[in-house]
Undergrad: 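Before I ask anything, here is the structure I am working with.
Chain A is the first sequence line, chain B the second, and so forth, proteins listed ahead of strands; every chain is numbered from 1. Quick caveat, the model's predicted, so the values are computed rather than measured.
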Amino acid sequence: QVQLVQSGAEVKKPGASVMVSCKASGYTFTNYYLCWVRQAPGQGLEWMGEINPGGGATNYAHKFQGRVTMTRDTSTGTVYMELSSLRFDDTAVYYCARGGTYGDYDVWGQGTLVTVSS
Amino acid sequence: DIQMTQSPSTLSASVGDRVTITCRASQNINSWLAWYQQKPGKAPKLLIFKASNLQSGVPSRFSGSESGTDFTLTISSLQPDDFATYYCQQYNSYPYTFGQGTKLEIK
């Protein structure tokens, strides 16, 4: 079945970088966009950006430009999200999600908790 | 950026009630709106896409409608499993943006 499986929880210090992976299975990887959405504790959903696994083109939210990099590995069907210069308020659950036929997000990963702590 | 204003932020209702959640876009989004349901500790789940289309497998008590830049999610008869937080999202133009969420609580 269609599935997105994310890497495990991370604890990082302020100023460090974190890379979260999202492995897709059950469908043609290059045919669907993948996005990253985060959710701080007790807060709402925040769109970070998305990547076209076919060609690698990306779109990032202005807030994260310069700090976020989304890449993909077509040989393994995996997308990566790297966030640098981590701050305490980057503590959140990070989700990957697949863009459906119309651009909505129809399949989600299980989420990865990133904790920024000194 | 397109702002999505969702209301109410909290809604108390009982099993069997009909409830409505509203989302207003700050500009035209050409029906490119989705609704998601999220339960504590879980990933969001797509309910409605392109404003009024029911995602496969979602119960028919959920429906979506639109009027200009106003969008509505209706649950016709609340079931115990429906108590959750609901989010709208526009995907007309980057950056895609979510509403603030509506927490649906048991009265």
Undergrad: At a heavy-atom separation under 4.5 Å, does A:E50 approach chain B through its side chain, its backbone, both, or neither?
TA: side chain
Undergrad: Tell me, side chain or backbone of A:N59 under 4.5 Å from chain B's heavy atoms, or both, or neither?
TA: side chain
Undergrad: Over all heavy atoms of both residues, which pair between B:F49 and A:D104 is shortest? Give the atoms and the distance, please.
TA: CB-OD2, 3.2 Å
Undergrad: What part of A:Y95 is in contact with chain B, defined as an atom under 4.5 angstrom from a non-hydrogen atom: side chain, backbone, both or neither?
TA: side chain
Undergrad: Just so I understand: if I count every heavy-atom pair under 4.5 Å between each of B:T85, B:I48, B:L46 and chain A, which residue has the most?
TA: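 Ranked by contacts with chain A, first place is B:L46.
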Undergrad: Could you check whether any side-chain N or O of B:Y36 sits under 3.5 Å from a backbone N or O of A:Y105, counting only pairs where one atom can act as donor and the other as acceptor?
TA: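 Confirmed, B:Y36 side chain pairs with A:Y105 backbone.
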Undergrad: What pair of heavy atoms forms the shortest contact from B:A43 to A:G109, and how long is it?
TA: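 Heavy atoms of B:A43 and A:G109 come nearest at CB-O, 3.4 Å.
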Undergrad: Please output the residues of residues 50-59 of chain B in contact with chain A, using a heavy-atom cutoff of under 4.5 Å, in numerical order.
TA: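 The residues closer than 4.5 Å to chain A, in numerical order, are B:K50, B:Q55.
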Undergrad: Return yes when atom NZ of B:K39 has more than 12 non-hydrogen atoms of other residues, nucleotides or ligands closer than 6.0 Å, and no otherwise.
TA: yes
Undergrad: Work out which heavy atom in A:W47 is nearest to a heavy atom in B:Y96; give both atom names and the distance.
TA: CB-O, 3.2 Å
Undergrad: A:V37 versus chain B, heavy atoms under 4.5 Å apart: side chain, backbone, both or neither?
TA: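 For A:V37, side-chain heavy atoms alone lie under 4.5 Å from chain B.
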Undergrad: With a 4.5 angstrom heavy-atom cut-off, is it the side chain or the backbone of B:A34 that approaches chain A, or both, or neither?
TA: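 For B:A34, the side chain is the part near chain A, not the backbone.
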Undergrad: In Å and rounded to the nearest 0.5 Å, what is the OG1 to CG distance from B:T97 to A:L45?
TA: 11.5 Å
Undergrad: Let me confirm one number: the CD-CD distance from B:Q38 to A:Q39, rounded to the nearest 0.5 Å.
TA: 4.0 Å
Undergrad: For A:Y60, does the OH atom have more than 12 heavy-atom neighbours from other residues, nucleotides or ligands under 6.0 Å away?
TA: yes
